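First the structure, in the form of structure tokens, and then the observations on it.
These numbers come from a predicted model, not from an experiment.
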Amino acid sequence: GVDLTVNASTSFGVGGTVNSEAAEFNDLTINSPNISLTGVVGGVDALGAITTDAGGSLALGGGAVTTRDGQTWGESITLGANTTFTSTNSGDIRFNGTVNSDGSARDLVVNTSGGSIFTQALGNTSVLSDFATDAGGTSTFSANVSAGSSISVADAAILAGNLLFTAPEIEFAGTIDSDGTARDLTLNGSSSVTLEGNVGASSVLSTLAITSPSISLRSVSTTGTQNYAGSVTLNGALASSGAADIVMTGALALGGESSV
């Protein structure tokens with residue numbers, strides 16, 4: 001087997017599975033404005049890396065893409081099945097376009113100990129069902145995320161823009177920080193919002209606003225306001241370096257040594 005580059009001026013599609021030659025981890029590059037991969041990619045023998053060019057559209061229907069190294073998706077992606085993207089060797093998985101369901105809400109799962117990088121919105125035109133990243137790396141977000149069931153970010157989250165996350169259940173298992181520029185973060189969880197790591201400890205946020213009937217927090221650092229609309233369980237310190245308001249409109253329960 002060899003590394004493969006496909007150049008197609010109008011469209012390119014594969015109706016079956018795509019695999020590397022056994023133990024060779026061959027790279028695949030696809031340059032085309034319209035791409036369709038309807039089978040599992042790398043399910044038997046993982047690819048080395050996969051890259052698609054910017055612009056156009058990409059339809060994925062196989063449910064899984066597995067590479068040893070990185071993945072770079074240039075187009076906007078439509079998911080035709082619940083889909084898991086995996087790098088087995090800590091490669092970065094980068095989405096340079098939007099990711100949406102095909103009309104039926106689909107799960108999006110990204111598993112890598114490297115970086116999961118989302119430069120455009122997720123679920124902005126056709127909502128995802130569940131969105132999840134695994135622990136062990138970082139997830140960088142530059143645009144909003146919307147899911148119909150849950151958002152679960154297990155690794156450290158980096159905010160590269162002012163962001164809105166919307167889902168019934170929202171959970172961040174790791175820390176949340178800005179990217180060096182203080183960012184606004186809004187979390188709307190109709191059932192619960194759980195932040196298990198400190199927020200703004202390494203790179204302070206600008207503002208934080210959470211709306212949910214059940215809010216669980218550790219320490220939060222912002223330069224501006226913090227607004228909590230719902231019942232809050234706090235196990236940490238809430239601090240605004242700009243002496244801005246910290247507002248709670250529901251009950252407050254202390255889960256440990258805490259301060260405001």
Side-chain angles (χ1 to χ4, degrees), residues 1-6 12-31 35-54 58-101 106-120 122 128-142 145 147 150-158 160 171-175 196-197:
V2 295
D3 297 339
L4 178 64
T5 297
V6 177
F12 175 78
V14 179
T17 59
V18 179
N19 287 285
S20 177
E21 191 74 22
E24 291 193 7
F25 302 105
N26 304 118
D27 296 342
L28 174 61
T29 301
I30 305 173
N31 300 317
I35 301 170
S36 176
L37 303 175
T38 59
V40 174
V41 177
V44 176
D45 290 290
L47 305 183
I50 188 166
T51 304
T52 68
D53 62 341
L58 169 63
L60 292 175
V65 178
T66 302
T67 58
R68 180 190 63 182
D69 303 317
Q71 301 177 27
T72 301
W73 303 95
E75 293 88 355
S76 293
I77 295 176
T78 300
L79 303 178
N82 299 332
T83 305
T84 300
F85 298 82
T86 303
S87 168
T88 61
N89 195 38
S90 303
D92 289 347
I93 300 179
R94 184 181 185 94
F95 298 87
N96 287 334
T98 59
V99 183
N100 284 283
S101 300
R106 308 294 188 179
D107 297 344
L108 169 60
V109 179
V110 182
N111 294 331
T112 181
S113 295
S116 301
I117 303 160
F118 307 94
T119 67
Q120 302 294 327
L122 307 180
L128 305 176
S129 179
D130 294 309
F131 167 70
T133 70
D134 67 342
T138 60
S139 289
T140 302
F141 298 94
S142 297
V145 180
S150 68
I151 294 171
S152 178
V153 180
D155 43 18
I158 300 170
E171 179 181 12
F172 287 80
T175 57
E196 297 179 5

Close side-chain approach of [X] to [Y], heavy-atom, < 4.5 Å:
{"X": "L4", "Y": "N26", "result": "no"}
{"X": "N89", "Y": "F25", "result": "no"}
{"X": "W73", "Y": "V65", "result": "yes"}

Q | T98 versus S76, side-chain donor and acceptor atoms under 3.5 Å | A | yes
Q. Quick one: do the N100 and T78 side chains pair a donor with an acceptor below 3.5 Å?
A. no
Compare every heavy atom of [Y] with every heavy atom of [X], then report the nearest pair and how far apart it is.
{"X": "S87", "Y": "I93", "value": "N-CD1, 3.8 Å"}
{"X": "S101", "Y": "R106", "value": "OG-N, 2.9 Å"}
{"X": "D3", "Y": "D27", "value": "OD1-N, 2.9 Å"}

Reported [atom1]-to-[atom2] distance for the pair [X] and [Y], which is rounded to 0.5 angstrom:
{"X": "I30", "Y": "L37", "atom1": "CD1", "atom2": "CG", "value": "5.0 Å"}
{"X": "F85", "Y": "T112", "atom1": "CZ", "atom2": "OG1", "value": "13.0 Å"}
{"X": "L108", "Y": "L79", "atom1": "CG", "atom2": "CG", "value": "6.0 Å"}
{"X": "S20", "Y": "L28", "atom1": "OG", "atom2": "CG", "value": "10.0 Å"}
{"X": "T72", "Y": "I117", "atom1": "OG1", "atom2": "CD1", "value": "8.0 Å"}
{"X": "D134", "Y": "S152", "atom1": "CG", "atom2": "OG", "value": "10.0 Å"}

Q: Show your working on side chain to side chain contact (heavy atoms under 4.5 Å, CB included) between D155 and T138 and close with a plain yes or no.
A: CA-CA 5 Å; D155 43 18; T138 60; 5.6 Å; no
Which residues satisfy the side-chain hydrogen bond (donor to acceptor under 3.5 Å, both in side chains) test with [X], sequence neighbours excluded?
{"X": "D107", "value": "S129"}
{"X": "S142", "value": "none"}
{"X": "R68", "value": "none"}
{"X": "S36", "value": "none"}

Can you give me every donor-acceptor pair (side chain of residues 38-51, partner residue at least two apart or in another chain, under 3.5 Å) with its distance?
{"unit_1": "T38", "atom_1": "OG1", "unit_2": "V14", "atom_2": "O", "d": "3.1"}
{"unit_1": "T38", "atom_1": "OG1", "unit_2": "G15", "atom_2": "O", "d": "2.9"}

**Q.** Parallel, tilted or perpendicular: ring planes of F118 versus F95, cut at 30 and 60 degrees
**A.** parallel
Q.
List the residues meeting side-chain contact (heavy atoms from CB on, under 4.5 Å) with T5, not counting sequence neighbours, and say none if there are none.
A. N7, T29, N31
Q.
When you measure from the side chain of E21 to the backbone of V2, do you find a donor-acceptor pair of N or O atoms at a distance under 3.5 Å?
A. no
